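All values reported here derive from a predicted model rather than from experimental measurement. Atoms within a ligand are numbered from 1 in the order they appear, just like the ligands themselves. Hydrogens, waters and symmetry mates play no part in the numbers below; they use all other heavy atoms, side chains included.
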Amino acid sequence: MSILQSLIEQPVCSAGKSGKVLSVDIAVEKTLRAVEAVQDIEHVALGEAKNRVAAVSIHAPMSVPPFANSAMDGYALSTSSFEGGPGVSGEWRIPVTDRIVAGSSEQISLEHGTAARIMTGAPIPDGADVVVMQECCKRDGEVIILNQIPKPSKNIRLAGEDIAEGELIIPAKRLITSRDQALLAATGIAELAVYRKLKVGLISTGNELAEPGQELDRGQIFNSNRVYLNSCLSRPWLEIEDYGIVEDKATTIRELVREAASSCDIVITTGGVSAGEEDHMLDVLKQESAELEVLKVAMRPGKPVTVGKLGHALYLGLPGNPYACAITFMQLAWPAICSTANLKPIAEATYAIADFSYEKPTGRTEYVPVSWDEYDDTGRPIAIRLGKSASASLLPLAKARAIAIFRSDCSTITKGDQITLMPVDF
Ligand code: AMP
Ligand code: MG
């Protein structure tokens, strides 16, 4: 997050709910404070570990490579076979007495003045301190001919050269990557401890909602938040319990929210968090004795976003308007979800140059979808503004390459100003 804004900002227009309007930073802080991180650990096979959260730090149980081996196809020999230092030219004929291939378990000791044919990955025989590439010598029957004295240790990979036994290879609380999987495999680890999957319940409220694929009745719209959130949350470290659409009826919503809170770590609802007559979430939360942390946030869009605790579950009430839903998801829900999963959110801010001027009222942080085709001399995108940041708009969000964040205390953005961007893809 950016520098802390004022603790409590004054509403510029009321969303109707009573309660303090919090700055974005304070709202995020309060939301994160309400998080109860998952503690349960399970073991998964290495092949299943991608994008799971490492529960413990892993130290290499062995060195890699486990033994000194050849980095090249060539000849292993000892530099003590030569008189003179590395690089000295001449002609040396060295008998080849052994042949060592990758996977060979034979313990071979080279006699002084002899060489072993050796393949890449094969163990270095005792008595050898260099591998001469096959391209750097001539073979003449059972003899190789060298014209230069090699440098000791050349083309030998030492035991532990890549990974030392005991070295930290995976720090706890981060996602396992495919590179990590390779690293773990190299040290012989077949399964690992990860945090259990986070369970997130999703509820779409609204009498007007229909699912794509259904016929739209008069007055209905398609549910876009549901697929958006499902898609954003589609992660191997997370399990979604999708409760679908629920009508704007307090008793029905209450039943479902209670069920979701009893079995999920996080419950996300969309819609119904404003103060209209058909916005029932606040009543339901009160009836369920939720501890409400955030009721209104000084942001545009997204002001009515609501956060609380429902028993052990974190409740995230996102506004129904699709752009507001997406922005509050990115700004408040995502950090909380990551934190519950024991992950640090890694939505790093980047910068661009505004190719537009813009006036905004102070008092609310604004989130403006932007895109760009060009960059300035220092590589910063030259950003154009998309749409009017209306909370119900989806097209600008879909076209955006990032979201520009205009702080609550900023009132004028002038063409050429540096602006802060947050990533738009989740
Ligand atoms: P609400 O937050 O329930 O007052 O809804 C605000 C606006 O968002 C209304 O115009 C709703 O029709 C719309 N809306 C609510 N939920 C969804 C949804 N899941 N998908 C698309 N639009 C929605
Ligand atoms: Mg509604």
Give me the residue, atom name and distance of the protein heavy atom closest to [atom].
atom                    : result
atom 9 (C) of ligand 1  : Glu208 OE2, 4.0 Å
atom 19 (N) of ligand 1 : Asn223 OD1, 2.7 Å
atom 10 (O) of ligand 1 : Asn321 OD1, 4.1 Å
atom 5 (O) of ligand 1  : Gly320 CA, 3.8 Å
atom 18 (C) of ligand 1 : Asn225 ND2, 3.1 Å

>> For Glu366, is there an ion pair with Arg407 - N to carboxylate O distance below 4.0 angstrom?
In response: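 Salt bridge flag = no for Glu366 with Arg407.
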* **Contact with ligand 1 for Ser224, non-hydrogen, under 4.0 angstrom** =>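 Judged by the 4.0 Å heavy-atom criterion, Ser224 does count as contacting ligand 1.
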Within less than 4.0 angstrom of ligand 1, does Gly272 place any heavy atom? yes
Just say parallel, tilted or perpendicular for the rings of Phe329 and Trp334, cut-offs at 30° and 60°.
->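 Rings of Phe329 and Trp334: tilted, as their planes differ by 30° to 60°.
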* Asked: How are the rings of Tyr358 and Phe406 set to each other: parallel, tilted or perpendicular (split at 30° and 60°)?
  ->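 The arrangement is tilted - the two ring planes meet at 30° to 60°.
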What is the distance from atom [atom1] of [X] to atom [atom2] of [Y], rounded to the nearest 0.5 Å?
X      : Y      : atom1 : atom2 : value
Asn155 : Asn69  : CG    : CG    : 11.0 Å
Asp73  : Met133 : CG    : CE    : 9.0 Å
Leu216 : Glu208 : CG    : CD    : 11.0 Å

Which of the ligand 1 atoms, numbered from 1, are nearer than 4.0 Å to a heavy atom of [X]:
X      : result
Asp279 : 3 (O), 4 (O)
Ile221 : 12 (O), 21 (C), 22 (N), 23 (C)
Phe222 : 20 (N), 21 (C)
Gly271 : 1 (P), 2 (O), 3 (O)

query: Cationic tip of Arg117 within the cone over Tyr75's six-membered ring, i.e. under 6.0 Å and within 45° of the normal?
result: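 Pair Arg117/Tyr75 counts as cation-pi.
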Check: Thr362/Asp409 side-chain N/O donor and acceptor closer than 3.5 Å |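 Side-chain D/A pair, Thr362 to Asp409: absent.
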### Query
Does any N or O atom in Ser274 lie less than 3.5 angstrom from one in ligand 1, N or O only?
no
Polar atom proximity, Ser204 to ligand 1 (N or O, under 3.5 Å) |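 Among all N and O atoms of Ser204, none is under 3.5 Å from an N or O of ligand 1.
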For Thr177, the side chain to side chain donor-acceptor pair (under 3.5 Å) test, sequence neighbours excluded, returns Asp180
